[in-house]
Amino acid sequence: MGAVRYRRAYYLCRCCGKGLFPFDREAGLTTRDLTPALERVASLAGAVADSFEKGAELLEEMGGVRVSESTVERTTEEAGQRLAEAVQAGSHLGPPADWPWHKDYEGQRCAYVELDATGVRRQGEGGGPAEGRMAYVGMVCNPTPEWPWPDEKPQPMQARYLAGLYPLEEFGPLLRTPAGDVGMDRADRWIGLSDGGAGLEDRLRENFPRVEVIILDFFHPAEKLTGLARLLHPQDEDQAEDQARRWRQLLKEEGGAVLGSVLREWDWPRRPGLGEAATELIGYLERQAHRMDYPEYLARGWCIGSGAIESACKTVVGQRLKLAGMRWGEDGAHALCHLRALYRSEKGQWDAFWNRDYSSN
């Protein structure tokens, strides 16, 4: 269609010296003269493209819209800041949902809540170096069980994400709103999953008091066992992998406490670094034993892997904010985390945020 030109009234306040176009507010135009639809598309391009420059190129290629890189950046960050304010205010996006929680082997409907953190490189004032920040990523999900009950319909995992550069104490309470919106209180059981990071278990128990157990992601101790096996057999990769496989099987069948006892009685050869690594891993297993009762978890049909939240750290934060050479201002990174978490959440969340009513202006 090309450019659309229109005439509208302009008012100047003689007291403050600022001008006003009432029609712009009624039409939902932004301060950068973008329509609501273009604001939404520009924010999406800025959030999913590798950079704001690529986002501007994407807009021109797909829609013939020419805007500058800075316009895409500011539009995206302003949308993310508006979303962050809505999250902190406890706003609900869309009507409440009642997820059909999947049942475990005891017939109890289980809701999962998961929490993790990932680092984001930061840029200081004047382009100088600055200490990085931790972006926390949380999710409420309804994973599909390996063996569903006959009355359960197979469907993709339902999930709602939340991410931002919050202090951990502030992030936990914010996760309760999406949990309430999907009917988590109507599930029979609450199960937590984390990677054992400092403070994560305490914050989950504090904000989700009905959580029966917080499971340590099986991948993390399994990865540590693989590393120890390679130190035990540094010259034979096949033998190291076979040893790691047997340890992992023992961990899954007997739990962390039994594996820790077995490793403590192991006849370790004298080799630089091996004794220290074994002692460190044994201490790790003993400290986390209360979260590593994997035989019990599997017998009840519970998930023992936090692959969903590990993937969320990559897809929500890493794929946009942790590319090569990237450094972020704190406000921009915070805004982008919110937008990407919303976009990656289940269908309908993104639409609910952008479906604003301008008739009241």
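Since the model is a prediction, treat every value here as computed from it, not as a measurement.
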Just how far is it from atom [atom1] of [X] to atom [atom2] of [Y], taken to the nearest 0.5 Å?
| X | Y | atom1 | atom2 | result |
| --- | --- | --- | --- | --- |
| E60 | E57 | CD | CD | 8.0 Å |
| H334 | L83 | NE2 | CG | 9.0 Å |
| E39 | L44 | CD | CG | 12.5 Å |
| E169 | N207 | CD | CG | 10.0 Å |
| I215 | D293 | CD1 | CG | 9.5 Å |

For W350 and F353, take the angle between the two ring planes, folded into 0 to 90°, and tell me which bin it lands in: parallel under 30, tilted 30 to 60, perpendicular over 60.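 Ring orientation, 0 to 90° scale: tilted.
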Over 60° means perpendicular and under 30° means parallel, so tell me whether F21 and Y10 are parallel, tilted or perpendicular.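 Correct class here is tilted.
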Hydrogens and angles aside, do [X] and [Y] bring a side-chain donor and acceptor to less than 3.5 Å of each other?
| X | Y | answer |
| --- | --- | --- |
| E77 | Q81 | no |
| R291 | S194 | yes |
| H220 | D217 | yes |

Without swapping roles, check the side chain of [X] against the backbone of [Y] for a donor-acceptor pair under 3.5 Å.
| X | Y | answer |
| --- | --- | --- |
| E152 | W149 | yes |
| S91 | V87 | no |
| R320 | A49 | yes |
| W268 | L263 | yes |
| D116 | G138 | no |
| R189 | A111 | no |
| R210 | D185 | yes |
| D242 | D238 | no |
| R230 | E237 | no |
| D188 | R109 | yes |

Other residues, nucleotides, ligands: >12 heavy atoms within 6.0 Å of [X] [atom1]:
| X | atom1 | value |
| --- | --- | --- |
| E280 | CD | no |
| E212 | CD | yes |
| D151 | CG | yes |

Check [X] against [Y] and note the closest heavy-atom contact, atom names and distance.
| X | Y | result |
| --- | --- | --- |
| G19 | L12 | N-CD1, 4.1 Å |
| L115 | L168 | CD2-CD1, 4.0 Å |
| Q88 | L174 | CA-CD2, 4.0 Å |
| L165 | A333 | CD2-CB, 4.1 Å |
| R327 | R122 | CD-O, 3.7 Å |
| L321 | C337 | CD2-SG, 4.0 Å |

Evaluate the criterion salt bridge (Lys or Arg N to Asp or Glu O under 4.0 Å) for residue pair E201 and R205; output intermediate values, then yes/no. CA-CA 6 Å; E201 180 177 359; R205 291 193 180 279; 3.4 Å; yes
Using the side-chain contact (heavy atoms from CB on, under 4.5 Å) definition, which of the options [options] pairs with [X]?
| X | options | result |
| --- | --- | --- |
| Y161 | R340, E346, R344 | R344 |
| L225 | R246, R248, Q243 | R248 |
| Y112 | I309, L193, V211 | L193 |

NZ/NE/NH1/NH2 to OD/OE distance under 4.0 Å, E286 and R264: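 Between R264 and E286 there is a salt bridge, with a charged N closer than 4.0 Å to a carboxylate O.
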R82/E85 salt bridge by N-O under 4.0 Å criterion: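 No.
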Is there a salt bridge (Lys or Arg N to Asp or Glu O under 4.0 Å) between R300 and E296? Walk through the geometry before answering. CA-CA 6 Å; R300 295 190 176 195; E296 177 71 14; 2.8 Å; yes
Does some side-chain heavy atom of S43 sit less than 4.5 Å from a side-chain heavy atom of W354?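 They are in contact (side-chain heavy atoms under 4.5 Å apart), so the answer is yes.
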Does the ring of W190 carry R176 above it, NZ/CZ under 6.0 angstrom from centre and within 45° of its axis?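 That pair does not qualify as a cation-pi contact.
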With H338, the ring-ring contact (aromatic ring centres under 6.0 Å, His included) member among Y136, Y343, Y166, F171: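 Of all the options given, the one that passes is Y166.
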Among K314, K322, E310, find the residue that satisfies the side chain to side chain donor-acceptor pair (under 3.5 Å) test when tested with T118.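 Result: among K314, K322, E310, K322 is the only option passing the side chain to side chain donor-acceptor pair (under 3.5 Å) with T118.
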Check whether I191 and F219 end up in the same hydrophobic cluster, where Ile, Leu, Val, Met, Phe, Trp and Tyr are linked by side-chain heavy atoms less than 4.5 Å apart.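 Different clusters.
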